[in-house]
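All remarks here apply to the structure that follows.
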Amino acid sequence: MADQTSHGIGGLTFDKSKRAWPNEANVFIALILIILAFEALGQILPYMNGQSMLFDFNTSRDGTILNIARIKIVILQVSIIGIISLGVTQVIISGGIDLSSGPLVGAAAMIVMSFAQTELVNGQLNPKAVFGAWSFDLPVIVPILVGLAFGALIGSINGAFIAFTRIPPFIATLGMFLICRGISQWWTKGQPVSFPTEEFAAIGSGMMPVVWFALLAVLLGLVMKFTVYGKHTYAIGSNEDAARMSGINVKRHKVMVYMIASMFAAFAAIILSSKNLTAQAGMGQFYELYAIAMAVIGGVSLTGGRGSMIGTVLGAMVFGVIQSGFTFIKLDAFYQLMAMGSIIIGAVVLDQYRQQRATAG
Amino acid sequence: MKKTLIAAGIASMLSTTAMAENIGVSMALFDDNFLTVLRNGIQEMADGMDSVDVQIEDAQNDVARQLDQINNFVASGVDAIIVNPVDTSATQAMTDAAAAAGVPLVFVNRQPVNVDTLPDNQAFVASNEIESGTLETFEICKMLRAQGLGGGAKAYVMMGELSNQAAVQRTKDVEDILGTDMCNFIEVIDQQTANWSREQANSLMTNWLSSGEEFHAVIANNDEMALGAIQAMKSAGIDMADVVVGGVDATQDALAAMQAGDLDVTVFQNAAGQGSGALNAAIALANGEDVDQKVYIPFELVTPANIDGYMSAN
Amino acid sequence: MSEQYILETRDLTKHYGGVHALEGANFKLRKGEHIAIMGDNGAGKSTFVRQITGVEQRTRGDVIFDGKPVHFSGPLDAREAGIETVFQTLALADDLDVPDNLFLGREITKWNFLGPFRLLDYKAMRQATMEGLEKTAVKIPNIRNSIRNMSGGQRQCVAIARTATFHSKLTIMDEPTAALGVQETAQVENIIRTLKEAGEPLILVSHNMRQVFDLVDRVVVFRRGRICADLDIKNDNVSGEDVVGYITGAKTQEGFEDAA
């Protein structure tokens with residue numbers, strides 16, 4: 001395209017038509033389209049009797065024409081994995097990947113819940129107690145700190161291996177995936193841990209998971225945009241050699257990136273076990289994949305250097321809408337997984353197509 | 001084949017002289033609550049017996065892995081094998097592998113498809129999944145009638161992981177019972193899977209609630225999902241006295257919920273009974289004794305009326 | 001006498017085991033001077049550059065920068081002392097914009113007590129970027145768009161502008177236009193002329209004879225690890241063929257017989 005140079009003095013021009021249409025806008029449009037698709041199905045499919053997914057014209061229920069309950073569940077059901085996805089997003093932006101989040105949630109939940117036990121259940125002694133009497137009714141900050149510390153530990157091990165050896169992040173975190181799975185099963189030999197204190201149960205109760213998700217999204221979003229940490233993360237993902245030659249301590253930064261990701265996953269585990277009043281060894285299954293999918297749908301580039309927290313939040317909401325949409329149209333359970341997988345592939349292909357058109361034009 | 005028989009024979013002679021029975025156990029899953037109780041039951045019982053050693057492996061829900069484990073057990077010369085099948089329709093291969101080596105095999109907890117053609121040195125100890133869903137649904141049906149809803153009632157059905165025979169059978173039980181004259185006043189609004197998980201059941205129930213449809217019962221394939229549904233309903237401000245909720249397993253968490261008045265029906269599956277039955281059968285077969293080839297440990301209905309007997313069972 | 005030299009090396013030597021990659025290099029660069037380093041592949045040009053920028057540790061010899069003997073333990077030390085290098089393969093991050101790239105690794109920040117989470121002072125960095133671009137007469141209509149959309153020549157200009165922004169005392173360019181087209185090469189050479197007018201010293205490593213004769217004051221030729229010629233091409237009667245002769249070894253300048 002037009003590339004003028006001016007005489008004599010070195011000139012650079014910039015082609016304004018190539019100015020990037022923000023990726024997040026594409027995701028938002030996709031979200032709207034999916035909602036419209038489900039609304040349309042609600043009208044078209046005969047057994048649906050013309051229902052609407054997001055609107056509820058029986059205003060006596062909520063006081064508005066919106067189906068507040070549905071809107072709430074759309075976001076609520078993806079908040080926990082959404083929190084994991086925030087942490088994973090910055091790992092992918094830095095050029096890496098983290099496959100260990102799912103089992104880490106399981107292991108962290110087991111460990112955290114063991115420190116959050118309450119003594120009396122319906123007037124009787126807690127039948128699921130892991131440790132002795134000293135562990136009952138501890139102040140709620142104790143299980144939280146234990147969980148975050150566990151996350152920090154796992155994350156720093158991940159980061160150390162990836163930064164200081166040549167092991168690819170895929171393999172290193174895959175190994176940690178298996179280790180954490182083992183930990184979650186070994187902790188109580190497979191027995192679930194239940195019956196937490198009321199303070200602990202409050203952390204993840206009601207709409208709190210959404211609140212936490214929103215807070216963490218804003219916090220991490222600000223960090224990625226306005227701090228040196230965020231800028232260096234983008235730089236390392238974009239061109240690791242350039243970052244190193246510019247004096248950035250790439251190794252130390254990578255350790256931090258993985259630590260933060262695992263701490264986010266540990267926090268998700270705290271909320272998950274609090275919300276469900278239990279910790280089970282099998283918790284978190286497939287979470288790492290869903291977290292990555294949310295980030296990718298939200299526009300993060302798997303080669304690094306590009307992505308944002310807003311995109312990831314939108315990606316999470318796409319998941320939420322699809323999940324609720326399936327239940328809304330009473331899609332047969334057998335088709336749901338296939339449909340979800342197809343939508344994810346379709347969304348990414350569409351996004352790549354749009355990006356190619358933007359740079360080629 | 002002859003060599004394997006001789007090797008197995010020598011191995012079993014050696015173990016007899018050393019007075020220790022080696023039993024290999026392959027569990028379908030390690031992180032399933034019910035199977036954990038069963039597994040622990042086998043382990044504890046073996047620990048309590050001087051001459052019995054068990055080696056327990058996790059098949060991680062993978063049919064191929066389980067067959068490998070059985071072949072490994074045969075190769076290491078165990079005296080008997082206990083199998084908790086990942087897939088009950090894939091058991092013929094396991095039967096054949098053990099029979100070829102002359103190693104006794106006992107299926108536990110899940111009924112193998114070839115249960116009627118088992119060789120003499122193989123047996124099966126389980127509970128019949130036809131009972132579980134039937135007991136649960138029938139009780140719910142009675143409760144709804146007692147509430148005066150005999151003219152018409154609506155229910156949601158929550159299924160377990162669709163690749164599990166237990167989920168499939170229990171769901172079929174629900175359908176069968178709801179098809180009878182006595183219970184066909186109950187209409188199923190929707191049935192979906194929550195994969196045995198409390199968290200997924202919570203989300204699923206909340207989604208159902210947001211459609212605003214009236215309902216009177218939730219029939220879940222297991223306790224964890226029932227508990228998830230209860231949490232969702234309580235979050236929405238629904239009084240649990242107005243809804244009949246049923247599950248299966250009678251776990252500690254479920255019994256606590258029943259005491260609190262939230263859960264109405266559950267079904268006890270005697271994990272310890274199945275485990276000890278299987279171990280005893282395995283030891284007997286290893287010693288060349290005769291055993292009953294099919295042992296059914298009954299499911300037991302648990303309601304607030306008889307809950308006290310089950311508080312420490314699982 | 002030494003104040004007029006921005007860089008001087010004495011007997012600079014580098015051995016890699018038994019390989020004498022650089023031997024006894026005596027090099028002088030005056031302030032405001034532009035020198036081209038030329039030589040065949042393996043002649044020792046890149047080795048020389050690596051020693052003076054601190055990428056490697058020299059085996060023997062002295063380096064005197066801005067009047068003081070120096071010993072750089074790494075490239076960052078050299079950068080801090082005021083030596084800026086523009087590489088053939090750019091040290092730029094494609095997805096970041098111009099100020100981000102200029103200030104990569106030495107960002108202007110606020111609230112430094114937050115450590116790695118200290119805040120970026122975007123306003124100050126944009127300001128300094130505009131000044132640096134003006135100084136090198138590089139025109140970019142919108143510095144906030146990512147570098148990915150710029151052409152190779154434009155990006156190289158940004159890399160050069162980086163040196164001006166940080167008040168470097170010495171710029172070293174290693175084959176800066178080797179990967180560029182004709183028009184883009186012209187752009188970069190214009191900027192080099194701007195640097196000359198501003199009195200900034202430059203060491204240019206280049207294979208391009210036309211470029212060398214257009215831009216620099218002196219040519220230093222390396223052959224087989226040693227300096228074999230030091231030519232004042234502005235004043236003396238030196239032709240391109242002469243230089244080629246020195247590079248290939250057909251000729252040797254007086255005073256540099258050991259390199260023969």
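This one's a predicted model, so the numbers in the text were calculated from it and none came from an experiment. Naming convention: chains lettered A, B, ... in sequence-line order (proteins, then strands); numbering from 1 in each chain.
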Nearest heavy-atom approach of B:L255 to B:T266 is CD2-CG2, 4.5 Å

Cut-off 4.5 Å, heavy atoms of chain B, and the answer for A:Q336 is side chain

Open item on the list: Keeping B:Q165 on the side-chain end and B:D87 on the backbone end, is there a donor-acceptor pair under 3.5 Å?
Closed with: no

When the 4.5 angstrom heavy-atom criterion is applied to B:T36 and chain A, the contacting part is side chain

Under 4.5 Å to a heavy atom of chain A? For B:N202 that would be side chain

Exercise for the section: Go through the steps for A:K275 and B:E199 under the test salt bridge (charged side-chain N to carboxylate O under 4.0 Å, His left out), then give the verdict. Expected result: CA-CA 8 Å; A:K275 176 184 175 203; B:E199 163 78 8; 3.4 Å; yes

Residues at least two apart in sequence or cross-chain that pass salt bridge (charged side-chain N to carboxylate O under 4.0 Å, His left out) with B:K172, listed by chain then number, are B:D176

Those residues at least two apart in sequence (or on a different chain) that pass side chain to side chain donor-acceptor pair (under 3.5 Å) with A:T278 are A:S194, A:Q280

Of the listed B:R39, B:M159, B:E224, B:Q191, the one with the largest count of heavy-atom pairs under 4.5 Å with chain A is B:E224

Bottom line for A:F328: the part with an atom under 4.5 Å from chain B's heavy atoms is neither

Margin query: Given 3.5 Å as the limit, does a donor-acceptor pair link the side chain of A:R181 with the main chain of A:P103, or not?
Written below: no

Scored by heavy-atom pairs under 4.5 Å with chain B, the best of A:G206, A:S324, A:G106, A:S205 is A:S324

When the 4.5 angstrom heavy-atom criterion is applied to A:L277 and chain B, the contacting part is both

Counting heavy-atom pairs under 4.5 Å with chain A, the top scorer among B:D58, B:T206, B:D253, B:T193 is B:D253

